[in-house]
Protein chains: 2
Amino acid sequence: MTAAEGPADWRARKKAATRKTIQEQAIRLFLEKGFDATTVEEIAAAAGVSHMTFFRHFRTKEEVAAGDDYDPMIGELVASRPAAEPVVEKIRQAFGGGLAQVYAADREALLARYRLILETPALRARLWENQNQTQRHVVEALTKAAGGPPDDLRLEVVVGACLTAAATAIRVWAENPEGTELPELIDRAFAVLREEFTPGG
Amino acid sequence: MTAAEGPADWRARKKAATRKTIQEQAIRLFLEKGFDATTVEEIAAAAGVSHMTFFRHFRTKEEVAAGDDYDPMIGELVASRPAAEPVVEKIRQAFGGGLAQVYAADREALLARYRLILETPALRARLWENQNQTQRHVVEALTKAAGGPPDDLRLEVVVGACLTAAATAIRVWAENPEGTELPELIDRAFAVLREEFTPGG
DNA sequence: TCCATAAGGTTAGTGACTAACATGTTAGTC
DNA sequence: GACTAACATGTTAGTCACTAACCTTATGGA
(Lines give C-alpha, C1' and ligand atoms only; values in the text may rest on other atoms or scores of the structure.)
Protein backbone atom coordinates (compact mmCIF):
# COMPACT_ATOMS: atom_id res chain seq x y z
CA MET A 1 0.00 0.00 0.00
CA THR A 2 2.68 2.52 -0.85
CA ALA A 3 1.03 5.22 -2.87
CA ALA A 4 0.42 4.95 -6.61
CA GLU A 5 -2.14 2.19 -6.86
CA GLY A 6 -5.01 2.18 -9.28
CA PRO A 7 -8.54 1.72 -7.95
CA ALA A 8 -8.99 -2.01 -8.33
CA ASP A 9 -5.37 -2.76 -8.87
CA TRP A 10 -4.79 -5.42 -6.33
CA ARG A 11 -7.77 -7.34 -7.61
CA ALA A 12 -6.09 -7.65 -10.98
CA ARG A 13 -2.88 -8.77 -9.30
CA LYS A 14 -4.66 -11.41 -7.29
CA LYS A 15 -6.46 -12.66 -10.35
CA ALA A 16 -3.20 -12.87 -12.29
CA ALA A 17 -1.59 -14.70 -9.40
CA THR A 18 -4.38 -17.28 -9.35
CA ARG A 19 -4.05 -17.73 -13.07
CA LYS A 20 -0.33 -18.22 -12.79
CA THR A 21 -0.68 -20.75 -9.99
CA ILE A 22 -3.18 -22.75 -11.99
CA GLN A 23 -0.94 -22.74 -15.01
CA GLU A 24 2.15 -23.77 -13.05
CA GLN A 25 0.37 -26.62 -11.31
CA ALA A 26 -1.18 -27.74 -14.57
CA ILE A 27 2.13 -27.87 -16.41
CA ARG A 28 3.78 -29.62 -13.50
CA LEU A 29 1.09 -32.30 -13.43
CA PHE A 30 1.06 -32.69 -17.20
CA LEU A 31 4.82 -33.27 -17.22
CA GLU A 32 4.57 -35.66 -14.27
CA LYS A 33 1.63 -37.80 -15.34
CA GLY A 34 0.85 -36.84 -18.90
CA PHE A 35 -1.88 -34.61 -20.25
CA ASP A 36 -4.64 -37.17 -20.58
CA ALA A 37 -4.02 -38.73 -17.20
CA THR A 38 -4.40 -35.37 -15.46
CA THR A 39 -7.93 -34.22 -14.70
CA VAL A 40 -9.02 -30.63 -14.39
CA GLU A 41 -10.21 -31.47 -10.92
CA GLU A 42 -6.69 -32.45 -9.92
CA ILE A 43 -5.22 -29.27 -11.34
CA ALA A 44 -7.78 -27.18 -9.52
CA ALA A 45 -7.13 -29.02 -6.26
CA ALA A 46 -3.37 -28.58 -6.63
CA ALA A 47 -3.90 -24.88 -7.20
CA GLY A 48 -6.30 -24.66 -4.27
CA VAL A 49 -9.31 -23.60 -6.30
CA SER A 50 -12.48 -25.19 -7.62
CA HIS A 51 -12.74 -26.53 -11.14
CA MET A 52 -15.00 -23.62 -12.07
CA THR A 53 -12.21 -21.20 -11.32
CA PHE A 54 -10.01 -23.17 -13.66
CA PHE A 55 -12.52 -22.69 -16.46
CA ARG A 56 -12.93 -19.00 -15.67
CA HIS A 57 -9.23 -18.54 -16.40
CA PHE A 58 -8.77 -21.03 -19.23
CA ARG A 59 -11.46 -21.92 -21.69
CA THR A 60 -10.25 -25.47 -22.17
CA LYS A 61 -7.80 -27.91 -20.63
CA GLU A 62 -5.69 -27.55 -23.77
CA GLU A 63 -5.43 -23.80 -23.46
CA VAL A 64 -3.52 -23.94 -20.20
CA ALA A 65 -0.74 -25.96 -21.82
CA ALA A 66 -0.75 -24.72 -25.41
CA GLY A 67 -2.28 -21.30 -25.18
CA ASP A 68 -0.71 -18.58 -27.24
CA ASP A 69 0.45 -15.65 -25.16
CA TYR A 70 2.77 -14.11 -27.73
CA ASP A 71 0.42 -13.81 -30.67
CA PRO A 72 -0.29 -10.07 -30.69
CA MET A 73 3.41 -9.36 -30.19
CA ILE A 74 4.35 -11.13 -33.41
CA GLY A 75 1.94 -9.00 -35.38
CA GLU A 76 3.49 -5.82 -34.00
CA LEU A 77 7.02 -7.01 -34.60
CA VAL A 78 6.23 -7.79 -38.22
CA ALA A 79 4.43 -4.52 -38.78
CA SER A 80 7.28 -2.48 -37.31
CA ARG A 81 9.86 -3.75 -39.80
CA PRO A 82 11.04 -1.39 -42.57
CA ALA A 83 8.43 -1.17 -45.29
CA ALA A 84 10.89 -1.84 -48.08
CA GLU A 85 11.99 -5.15 -46.61
CA PRO A 86 10.67 -8.27 -48.37
CA VAL A 87 7.85 -10.04 -46.57
CA VAL A 88 9.85 -13.17 -45.96
CA GLU A 89 12.62 -11.21 -44.33
CA LYS A 90 10.18 -9.32 -42.14
CA ILE A 91 8.72 -12.51 -40.78
CA ARG A 92 12.08 -14.16 -40.41
CA GLN A 93 13.50 -11.26 -38.43
CA ALA A 94 10.41 -10.77 -36.30
CA PHE A 95 10.04 -14.43 -35.53
CA GLY A 96 13.70 -15.17 -35.08
CA GLY A 97 14.21 -12.15 -32.86
CA GLY A 98 11.20 -12.81 -30.67
CA LEU A 99 12.01 -16.44 -30.23
CA ALA A 100 15.68 -15.81 -29.52
CA GLN A 101 14.71 -13.86 -26.41
CA VAL A 102 12.42 -16.57 -25.07
CA TYR A 103 15.08 -19.09 -25.98
CA ALA A 104 17.83 -17.32 -24.13
CA ALA A 105 15.72 -16.74 -21.03
CA ASP A 106 13.88 -20.01 -20.74
CA ARG A 107 15.33 -22.73 -22.93
CA GLU A 108 14.48 -25.65 -20.66
CA ALA A 109 10.90 -24.59 -20.04
CA LEU A 110 10.36 -24.01 -23.75
CA LEU A 111 11.72 -27.44 -24.53
CA ALA A 112 9.65 -29.22 -21.91
CA ARG A 113 6.52 -27.44 -23.08
CA TYR A 114 7.05 -28.29 -26.73
CA ARG A 115 7.83 -31.90 -26.05
CA LEU A 116 4.65 -32.19 -24.05
CA ILE A 117 2.68 -30.60 -26.86
CA LEU A 118 4.24 -32.71 -29.59
CA GLU A 119 3.56 -35.98 -27.82
CA THR A 120 -0.07 -35.14 -26.99
CA PRO A 121 -2.51 -35.26 -29.93
CA ALA A 122 -4.99 -32.87 -28.34
CA LEU A 123 -2.26 -30.31 -27.75
CA ARG A 124 -0.81 -30.72 -31.22
CA ALA A 125 -4.17 -29.91 -32.71
CA ARG A 126 -4.42 -26.88 -30.50
CA LEU A 127 -0.93 -25.75 -31.56
CA TRP A 128 -1.97 -25.73 -35.20
CA GLU A 129 -4.99 -23.68 -34.41
CA ASN A 130 -2.59 -21.22 -32.78
CA GLN A 131 -0.35 -21.15 -35.79
CA ASN A 132 -3.28 -20.36 -37.98
CA GLN A 133 -4.29 -17.56 -35.69
CA THR A 134 -0.77 -16.17 -35.78
CA GLN A 135 -0.97 -16.36 -39.54
CA ARG A 136 -4.14 -14.31 -39.53
CA HIS A 137 -2.52 -11.70 -37.30
CA VAL A 138 0.57 -11.44 -39.46
CA VAL A 139 -1.41 -11.27 -42.70
CA GLU A 140 -3.60 -8.59 -41.21
CA ALA A 141 -0.61 -6.60 -39.99
CA LEU A 142 1.06 -6.81 -43.38
CA THR A 143 -2.10 -5.89 -45.25
CA LYS A 144 -2.48 -2.84 -43.07
CA ALA A 145 1.19 -1.92 -43.46
CA ALA A 146 0.92 -2.03 -47.24
CA GLY A 147 -1.54 0.33 -48.91
CA GLY A 148 -4.57 -1.43 -50.32
CA PRO A 149 -5.20 -5.18 -49.99
CA PRO A 150 -2.81 -6.52 -52.64
CA ASP A 151 -3.06 -10.24 -53.32
CA ASP A 152 -4.78 -12.22 -50.62
CA LEU A 153 -3.72 -15.61 -51.85
CA ARG A 154 -0.12 -14.48 -52.32
CA LEU A 155 0.18 -13.10 -48.82
CA GLU A 156 -1.49 -16.08 -47.21
CA VAL A 157 0.74 -18.53 -49.02
CA VAL A 158 3.93 -16.67 -48.20
CA VAL A 159 3.10 -16.18 -44.55
CA GLY A 160 1.90 -19.76 -44.29
CA ALA A 161 5.12 -21.07 -45.77
CA CYS A 162 7.22 -18.96 -43.40
CA LEU A 163 5.32 -20.01 -40.31
CA THR A 164 5.45 -23.62 -41.40
CA ALA A 165 9.22 -23.31 -41.80
CA ALA A 166 9.54 -21.85 -38.31
CA ALA A 167 7.25 -24.49 -36.84
CA THR A 168 9.24 -27.22 -38.54
CA ALA A 169 12.45 -25.86 -37.08
CA ILE A 170 10.92 -25.87 -33.61
CA ARG A 171 9.66 -29.40 -34.08
CA VAL A 172 12.99 -30.71 -35.29
CA TRP A 173 14.69 -28.99 -32.38
CA ALA A 174 12.28 -30.40 -29.80
CA GLU A 175 12.72 -33.89 -31.23
CA ASN A 176 16.48 -33.66 -30.91
CA PRO A 177 17.53 -30.84 -28.57
CA GLU A 178 21.07 -32.25 -28.31
CA GLY A 179 21.61 -31.50 -32.00
CA THR A 180 21.60 -28.13 -33.66
CA GLU A 181 20.38 -25.21 -31.58
CA LEU A 182 17.03 -23.62 -32.38
CA PRO A 183 18.11 -20.23 -33.78
CA GLU A 184 20.46 -21.98 -36.18
CA LEU A 185 17.67 -24.33 -37.24
CA ILE A 186 15.37 -21.42 -37.94
CA ASP A 187 18.01 -19.82 -40.10
CA ARG A 188 18.42 -23.05 -41.99
CA ALA A 189 14.70 -23.52 -42.45
CA PHE A 190 14.34 -20.09 -44.04
CA ALA A 191 17.41 -20.77 -46.15
CA VAL A 192 15.68 -23.89 -47.46
CA LEU A 193 12.70 -21.83 -48.52
CA ARG A 194 14.97 -19.52 -50.47
CA GLU A 195 17.01 -22.27 -52.08
CA GLU A 196 14.29 -24.69 -52.92
CA PHE A 197 11.78 -22.46 -54.60
CA THR A 198 13.97 -20.84 -57.21
CA PRO A 199 12.74 -21.01 -60.81
CA GLY A 200 16.07 -22.48 -61.88
CA GLY A 201 15.40 -25.05 -59.16
CA MET B 1 -24.53 -65.75 -53.66
CA THR B 2 -23.21 -66.22 -57.17
CA ALA B 3 -19.85 -67.88 -56.97
CA ALA B 4 -16.66 -65.95 -56.43
CA GLU B 5 -16.99 -64.74 -52.90
CA GLY B 6 -14.18 -64.68 -50.44
CA PRO B 7 -14.60 -66.39 -47.09
CA ALA B 8 -15.73 -63.52 -44.93
CA ASP B 9 -16.53 -61.26 -47.81
CA TRP B 10 -20.08 -60.28 -47.11
CA ARG B 11 -19.21 -59.44 -43.52
CA ALA B 12 -16.80 -56.84 -44.78
CA ARG B 13 -19.41 -55.49 -47.16
CA LYS B 14 -22.00 -55.20 -44.44
CA LYS B 15 -19.55 -53.48 -42.17
CA ALA B 16 -18.61 -51.04 -44.91
CA ALA B 17 -22.29 -50.37 -45.57
CA THR B 18 -22.92 -49.59 -41.90
CA ARG B 19 -19.93 -47.28 -41.87
CA LYS B 20 -21.15 -45.50 -44.96
CA THR B 21 -24.64 -45.06 -43.56
CA ILE B 22 -23.28 -43.59 -40.35
CA GLN B 23 -21.07 -41.19 -42.24
CA GLU B 24 -23.86 -40.06 -44.56
CA GLN B 25 -26.28 -39.43 -41.73
CA ALA B 26 -23.60 -37.65 -39.73
CA ILE B 27 -22.70 -35.28 -42.56
CA ARG B 28 -26.36 -34.65 -43.28
CA LEU B 29 -27.05 -33.73 -39.65
CA PHE B 30 -23.89 -31.64 -39.35
CA LEU B 31 -24.89 -29.61 -42.40
CA GLU B 32 -28.47 -29.28 -41.16
CA LYS B 33 -27.88 -28.35 -37.54
CA GLY B 34 -24.17 -27.71 -37.21
CA PHE B 35 -21.47 -29.92 -35.76
CA ASP B 36 -21.75 -28.96 -32.13
CA ALA B 37 -25.54 -29.11 -32.04
CA THR B 38 -25.53 -32.68 -33.33
CA THR B 39 -25.00 -35.43 -30.76
CA VAL B 40 -23.47 -38.80 -31.46
CA GLU B 41 -26.65 -40.33 -30.12
CA GLU B 42 -28.65 -38.58 -32.83
CA ILE B 43 -26.31 -39.73 -35.55
CA ALA B 44 -26.45 -43.28 -34.30
CA ALA B 45 -30.25 -43.18 -34.11
CA ALA B 46 -30.49 -41.76 -37.65
CA ALA B 47 -28.24 -44.55 -38.88
CA GLY B 48 -30.23 -47.15 -36.94
CA VAL B 49 -27.38 -48.25 -34.70
CA SER B 50 -26.28 -47.72 -31.11
CA HIS B 51 -23.73 -45.09 -30.15
CA MET B 52 -21.20 -47.83 -29.47
CA THR B 53 -21.33 -48.90 -33.09
CA PHE B 54 -20.61 -45.33 -34.06
CA PHE B 55 -17.47 -45.35 -31.96
CA ARG B 56 -16.40 -48.71 -33.31
CA HIS B 57 -16.35 -47.22 -36.80
CA PHE B 58 -15.06 -43.75 -35.98
CA ARG B 59 -12.75 -43.03 -33.11
CA THR B 60 -14.15 -39.56 -32.52
CA LYS B 61 -17.04 -37.40 -33.62
CA GLU B 62 -14.57 -35.27 -35.57
CA GLU B 63 -13.23 -38.19 -37.55
CA VAL B 64 -16.53 -38.85 -39.27
CA ALA B 65 -16.56 -35.35 -40.74
CA ALA B 66 -12.88 -34.59 -41.20
CA GLY B 67 -11.27 -38.00 -41.45
CA ASP B 68 -8.61 -38.42 -44.06
CA ASP B 69 -9.42 -41.16 -46.52
CA TYR B 70 -6.95 -40.16 -49.21
CA ASP B 71 -3.77 -40.01 -47.21
CA PRO B 72 -2.02 -43.19 -48.34
CA MET B 73 -2.91 -42.39 -51.94
CA ILE B 74 -1.00 -39.11 -51.83
CA GLY B 75 2.12 -40.87 -50.66
CA GLU B 76 1.94 -43.30 -53.56
CA LEU B 77 1.27 -40.57 -56.09
CA VAL B 78 4.28 -38.61 -54.94
CA ALA B 79 6.54 -41.66 -54.86
CA SER B 80 5.55 -42.69 -58.39
CA ARG B 81 6.69 -39.46 -59.99
CA PRO B 82 9.90 -39.47 -62.05
CA ALA B 83 12.92 -39.45 -59.76
CA ALA B 84 14.60 -36.58 -61.53
CA GLU B 85 11.65 -34.25 -61.00
CA PRO B 86 12.15 -31.57 -58.32
CA VAL B 87 10.37 -32.27 -55.05
CA VAL B 88 8.09 -29.27 -55.36
CA GLU B 89 6.94 -30.37 -58.78
CA LYS B 90 6.29 -33.91 -57.57
CA ILE B 91 4.02 -32.71 -54.84
CA ARG B 92 2.33 -30.17 -57.02
CA GLN B 93 1.55 -32.73 -59.70
CA ALA B 94 0.49 -35.44 -57.27
CA PHE B 95 -1.68 -33.13 -55.25
CA GLY B 96 -3.13 -31.23 -58.15
CA GLY B 97 -3.89 -34.40 -60.07
CA GLY B 98 -5.50 -36.21 -57.17
CA LEU B 99 -7.60 -33.25 -56.19
CA ALA B 100 -8.68 -32.51 -59.77
CA GLN B 101 -10.39 -35.89 -59.90
CA VAL B 102 -12.27 -35.42 -56.65
CA TYR B 103 -13.09 -31.92 -57.79
CA ALA B 104 -14.51 -32.99 -61.12
CA ALA B 105 -16.56 -35.80 -59.61
CA ASP B 106 -17.88 -34.19 -56.47
CA ARG B 107 -17.38 -30.44 -56.40
CA GLU B 108 -20.48 -29.64 -54.37
CA ALA B 109 -19.84 -32.27 -51.74
CA LEU B 110 -16.24 -31.18 -51.42
CA LEU B 111 -17.30 -27.60 -50.97
CA ALA B 112 -19.95 -28.35 -48.38
CA ARG B 113 -17.55 -30.51 -46.41
CA TYR B 114 -14.80 -27.90 -46.40
CA ARG B 115 -17.12 -25.10 -45.40
CA LEU B 116 -18.37 -27.18 -42.52
CA ILE B 117 -14.81 -27.92 -41.44
CA LEU B 118 -13.63 -24.34 -41.73
CA GLU B 119 -16.47 -22.94 -39.67
CA THR B 120 -16.12 -25.51 -36.87
CA PRO B 121 -13.11 -25.08 -34.58
CA ALA B 122 -12.97 -28.72 -33.55
CA LEU B 123 -12.93 -29.82 -37.18
CA ARG B 124 -10.34 -27.24 -38.18
CA ALA B 125 -8.01 -28.59 -35.52
CA ARG B 126 -8.59 -32.06 -36.82
CA LEU B 127 -7.85 -30.96 -40.37
CA TRP B 128 -4.44 -29.70 -39.32
CA GLU B 129 -3.67 -32.96 -37.68
CA ASN B 130 -4.51 -34.58 -41.01
CA GLN B 131 -2.27 -32.24 -42.92
CA ASN B 132 0.60 -33.08 -40.63
CA GLN B 133 -0.04 -36.75 -41.13
CA THR B 134 -0.06 -36.27 -44.88
CA GLN B 135 3.22 -34.45 -44.51
CA ARG B 136 4.70 -37.40 -42.68
CA HIS B 137 3.53 -39.76 -45.40
CA VAL B 138 4.94 -37.62 -48.18
CA VAL B 139 8.26 -37.08 -46.44
CA GLU B 140 8.52 -40.78 -45.81
CA ALA B 141 7.71 -41.62 -49.41
CA LEU B 142 10.28 -39.16 -50.68
CA THR B 143 12.95 -40.34 -48.26
CA LYS B 144 12.42 -43.89 -49.43
CA ALA B 145 12.42 -42.84 -53.07
CA ALA B 146 15.76 -41.11 -52.68
CA GLY B 147 18.73 -43.20 -51.55
CA GLY B 148 19.83 -42.45 -48.02
CA PRO B 149 18.06 -39.99 -45.69
CA PRO B 150 19.36 -36.71 -47.11
CA ASP B 151 18.40 -33.60 -45.15
CA ASP B 152 15.53 -34.06 -42.78
CA LEU B 153 14.94 -30.41 -42.10
CA ARG B 154 15.14 -29.52 -45.77
CA LEU B 155 12.57 -32.10 -46.80
CA GLU B 156 10.20 -31.29 -43.96
CA VAL B 157 10.31 -27.58 -44.73
CA VAL B 158 9.76 -28.05 -48.45
CA VAL B 159 6.91 -30.50 -48.04
CA GLY B 160 5.38 -28.37 -45.32
CA ALA B 161 5.48 -25.28 -47.49
CA CYS B 162 3.88 -27.11 -50.40
CA LEU B 163 1.08 -28.59 -48.33
CA THR B 164 0.48 -25.22 -46.72
CA ALA B 165 0.21 -23.68 -50.17
CA ALA B 166 -2.30 -26.31 -51.25
CA ALA B 167 -4.28 -25.95 -48.02
CA THR B 168 -4.35 -22.19 -48.45
CA ALA B 169 -5.69 -22.56 -51.97
CA ILE B 170 -8.45 -24.84 -50.73
CA ARG B 171 -9.30 -22.45 -47.94
CA VAL B 172 -9.47 -19.44 -50.22
CA TRP B 173 -11.63 -21.41 -52.61
CA ALA B 174 -14.02 -22.58 -49.90
CA GLU B 175 -14.36 -19.04 -48.61
CA ASN B 176 -15.28 -17.75 -52.04
CA PRO B 177 -16.34 -20.57 -54.36
CA GLU B 178 -17.86 -18.12 -56.85
CA GLY B 179 -14.41 -16.71 -57.54
CA THR B 180 -11.48 -18.53 -59.08
CA GLU B 181 -11.83 -22.27 -59.44
CA LEU B 182 -9.78 -24.56 -57.20
CA PRO B 183 -7.29 -26.04 -59.70
CA GLU B 184 -6.42 -22.56 -60.87
CA LEU B 185 -5.92 -21.44 -57.28
CA ILE B 186 -3.61 -24.34 -56.58
CA ASP B 187 -1.53 -23.41 -59.61
CA ARG B 188 -1.33 -19.87 -58.40
CA ALA B 189 -0.39 -20.87 -54.88
CA PHE B 190 2.54 -22.90 -56.14
CA ALA B 191 3.52 -20.08 -58.45
CA VAL B 192 3.67 -17.79 -55.44
CA LEU B 193 6.10 -20.15 -53.73
CA ARG B 194 8.34 -20.06 -56.76
CA GLU B 195 8.19 -16.32 -57.21
CA GLU B 196 8.44 -15.20 -53.64
CA PHE B 197 11.37 -17.22 -52.43
CA THR B 198 13.94 -16.30 -55.04
CA PRO B 199 17.31 -15.04 -53.77
CA GLY B 200 16.96 -11.95 -55.93
CA GLY B 201 13.94 -11.07 -53.79
C1' DT C 1 -23.35 2.00 7.10
C1' DC C 2 -24.84 0.20 2.90
C1' DC C 3 -24.41 -1.11 -1.65
C1' DA C 4 -21.99 -2.34 -6.10
C1' DT C 5 -18.67 -5.19 -7.97
C1' DA C 6 -15.98 -8.94 -8.94
C1' DA C 7 -13.49 -13.40 -7.67
C1' DG C 8 -14.61 -17.57 -6.38
C1' DG C 9 -17.67 -21.72 -4.75
C1' DT C 10 -21.68 -25.21 -5.12
C1' DT C 11 -24.60 -27.99 -7.55
C1' DA C 12 -26.67 -30.16 -11.14
C1' DG C 13 -26.61 -30.84 -15.42
C1' DT C 14 -25.08 -32.44 -20.88
C1' DG C 15 -22.46 -35.05 -23.93
C1' DA C 16 -18.14 -37.41 -25.72
C1' DC C 17 -15.95 -41.39 -24.94
C1' DT C 18 -14.65 -46.11 -22.51
C1' DA C 19 -14.87 -50.73 -20.36
C1' DA C 20 -17.24 -54.96 -19.30
C1' DC C 21 -20.30 -57.95 -20.47
C1' DA C 22 -24.22 -59.95 -23.27
C1' DT C 23 -26.37 -61.41 -27.79
C1' DG C 24 -27.07 -62.89 -32.30
C1' DT C 25 -25.26 -64.33 -36.70
C1' DT C 26 -22.16 -66.60 -39.68
C1' DA C 27 -17.95 -69.79 -41.12
C1' DG C 28 -15.69 -73.65 -40.58
C1' DT C 29 -15.22 -78.47 -38.07
C1' DC C 30 -16.65 -82.75 -36.52
C1' DG D 1 -26.72 -81.18 -38.47
C1' DA D 2 -24.91 -79.83 -33.82
C1' DC D 3 -20.69 -77.23 -32.01
C1' DT D 4 -17.68 -73.68 -31.64
C1' DA D 5 -14.78 -69.65 -32.81
C1' DA D 6 -15.03 -65.11 -34.63
C1' DC D 7 -17.11 -60.97 -34.95
C1' DA D 8 -20.42 -57.12 -35.48
C1' DT D 9 -23.47 -55.05 -32.52
C1' DG D 10 -26.13 -53.95 -28.22
C1' DT D 11 -26.61 -52.75 -23.07
C1' DT D 12 -25.20 -50.67 -19.06
C1' DA D 13 -22.69 -48.09 -16.12
C1' DG D 14 -19.31 -45.53 -15.69
C1' DT D 15 -15.40 -41.05 -16.17
C1' DC D 16 -14.42 -36.52 -17.34
C1' DA D 17 -14.54 -31.98 -19.92
C1' DC D 18 -17.33 -28.32 -19.92
C1' DT D 19 -21.69 -25.21 -18.93
C1' DA D 20 -25.38 -22.71 -16.51
C1' DA D 21 -27.69 -20.94 -12.54
C1' DC D 22 -27.20 -19.49 -8.30
C1' DC D 23 -24.85 -18.42 -3.85
C1' DT D 24 -20.82 -16.46 -0.89
C1' DT D 25 -17.37 -13.47 0.40
C1' DA D 26 -14.47 -9.46 0.44
C1' DT D 27 -13.25 -5.08 -0.95
C1' DG D 28 -13.93 -0.09 -2.20
C1' DG D 29 -16.66 3.74 -2.60
C1' DA D 30 -21.20 6.35 -1.64
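These numbers come from the heavy atoms of this one structure, side chains and all, not from hydrogens, waters or symmetry mates. Letters A, B, ... are given to chains in the order of the sequence lines, protein chains preceding strands, and every chain is numbered from 1.
- Phe55(A) and His51(A) have perpendicular rings, their planes meeting at more than 60° on a 0 to 90° scale where under 30° would count as parallel.
- In this structure, His51(B) does not reach the dG15(C) phosphate: none of its side-chain N or O atoms is under 4.0 Å from OP1 or OP2.
- Across all their heavy atoms, Leu142(A) and Lys90(A) have their closest contact at CD2-CD, 3.9 Å.
- For the pair Thr53(A) and dG9(C), the criterion of a side-chain N or O lying under 4.0 Å from OP1 or OP2 is met.
- When the C1' atom of dC18(D) is taken as reference, atom CD of Glu42(A) falls 17 Å away, rounded to whole Å.
- Note: NZ (Lys14(A)) to C1' (dG9(C)) measures 13 Å, nearest angstrom.
- Within the 4.0 angstrom heavy-atom criterion, base atoms lie near Ser50(A).
- dA17(D) atom P lies 14 Å from atom CD1 of Ile22(A), rounded to whole Å.
- In this structure, the NZ atom of Lys15(B) is 13 Å from the P atom of dG10(D), given to the nearest Å.
- With 3.5 Å as the limit, one finds no donor-acceptor pair spanning the side chains of Gln135(A) and Gln131(A).
- Of the candidates dC18(D), dA20(D), dT12(D), the closest approach to any side-chain atom of Met52(B) belongs to dT12(D).
- Phe58(B) is listed as a side-chain neighbour of Gln23(B), based on a closest heavy-atom distance under 4.5 Å.
- Base pairing annotation: dC30(C) forms a Watson-Crick or G-U wobble pair with dG1(D), both donor-acceptor distances under 3.5 Å.
- Residue order along DNA chain C, read from the 5' end via each residue's closest nucleotide, puts Lys61(B) first among Arg56(B) and Lys61(B).
- Of the side-chain N and O atoms in Thr18(A), none sit less than 4.0 angstrom from OP1 or OP2 of dA7(C).
- Checked against side chain to side chain contact (heavy atoms under 4.5 Å, CB included), Phe35(A) has the following partners two or more places apart in sequence or in another chain: Phe30(A), Lys61(A), Glu62(A), Thr120(A), Ala122(A), Leu123(A).
- For the pair Phe55(A) CZ and dT14(C) C1', the computed distance is 13 Å after rounding to whole Å.
- In this structure, Phe54(A) places its CZ atom 11 Å from P of dT19(D), rounding to the nearest Å.
- For the pair Asp36(A) CG and dT15(D) P, the computed distance is 17 Å after rounding to whole Å.
- Protein atom CZ of Phe58(B) is 18 Å distant from nucleotide atom C1' of dT18(C), rounded to whole Å.
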